[in-house]
Amino acid sequence: QVQLVESGGGLVQAGGSLRLSCAVSGRTFSSYAMGWFRQAPGKEREFVATISVSGGSTSYASSVKGRFTISRDNGKNTVYLQMNNLKPEDTAVYYCAARRAGWGSSSYPAYDYWGQGTQVTVSS
């Protein structure tokens with residue numbers, strides 16, 4: 001069983017930064033592509049970023065490209081989301097997800113495991 005635990009969320013002013021972490025249990029972390037998604041109240045869950053098993057390939061939603069950076073440390077079984085220049089519209093619960101494949105996906109049904117989420121609130 002794979003478990004994902006997010007941390008690092010909180011309240012920040014517009015223009016500020018946060019770094020989310022997602023710790024993954026199990027010895028097969030390096031065989032999972034990872035993704036970050038978010039869900040704001042009253043809205044559907046949406047793709048944020050994804051990273052391949054090696055970390056060599058990443059992809060971002062257009063709304064966060066140039067502001068957010070996804071990375072992973074396979075030695076620590078952890079994936080990160082560095083969020084800079086945050087905007088009020090970035091307010092949401094952020095979820096990390098693991099996919100039993102080498103490449104990531106922007107489609108949430110493609111992921112096999114999910115964390116419980118961490119709240120990010122950006123004030124104007």
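With respect to Arg100 and Asp112, a salt bridge is recorded, a charged nitrogen being found less than 4.0 Å from a carboxylate O.
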Would you list the atom pairs, donor with acceptor, under 3.5 Å between side chains in residues 6-20 and any protein atom, with sequence neighbours excluded?
| unit_1 | atom_1 | unit_2 | atom_2 | d |
| --- | --- | --- | --- | --- |
| Glu6 | OE1 | Gln116 | N | 3.0 |
| Glu6 | OE1 | Gln116 | NE2 | 3.4 |
| Glu6 | OE1 | Gly117 | N | 2.9 |
| Glu6 | OE2 | Cys96 | N | 2.9 |
| Glu6 | OE2 | Gly117 | N | 3.3 |
| Ser17 | OG | Asn84 | OD1 | 2.9 |

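Within the 4.5 Å cutoff, the side chain of Gln39 has heavy atoms near those of the Tyr95 side chain. Annotation: side chain of Thr91 is not in contact with side chain of Glu89 (no heavy-atom distance under 4.5 Å). Val24 places a side-chain heavy atom less than 4.5 Å from the side chain of Met34. Residues Ile70 and Val79 form a side-chain contact, since some pair of their non-hydrogen atoms from C-beta on lies under 4.5 Å apart.
Rounding to the nearest 0.5 angstrom, the gap separating the CD1 atom in Ile51 from the CG atom in Leu81 is 10.5 Å. Between Asp90 atom CG and Thr121 atom OG1 the span is 11.0 Å, to the nearest 0.5 Å. Annotation: the span from Glu46 atom CD to Ser63 atom OG amounts to 5.5 Å, rounded to 0.5 Å. The OG atom of Ser30 lies 11.5 Å from the CG atom of Asp73; values are rounded to the nearest 0.5 Å. Atom-to-atom distance recorded for Thr58:OG1 and Lys65:NZ is 9.0 Å, nearest 0.5 angstrom.
With a 6.0 Å radius and a threshold of 12 heavy atoms from other residues, nucleotides or ligands, Gln3 has its CD atom at or below the threshold. Within a 6.0 Å sphere centred on OH of Tyr108, heavy atoms belonging to other residues, nucleotides or ligands number 12 at most.
In terms of heavy atoms, Arg72 sits closest to Ser52 at NH1-O, 2.9 Å. In plain terms, the two heavy atoms of Phe37 and Ser106 that are nearest each other are CE2-O, 3.7 Å. The nearest pair of heavy atoms linking Val53 to Tyr32 is CG1-C, 3.5 Å.
Of the N and O atoms on the side chains of Arg99 and Tyr111, not one donor lies less than 3.5 Å from an acceptor on the other residue.
Cation-pi contact between Arg67 and Tyr60: absent, since separation from the ring centre below 6.0 Å together with deviation from the ring axis within 45° is not met.
Trp36 has its ring centre no less than 6.0 Å from the ring centre of Phe47.
Hydrophobic clustering, with ILVMFWY side chains joined whenever heavy atoms are under 4.5 angstrom apart, groups Tyr113 together with Val48.
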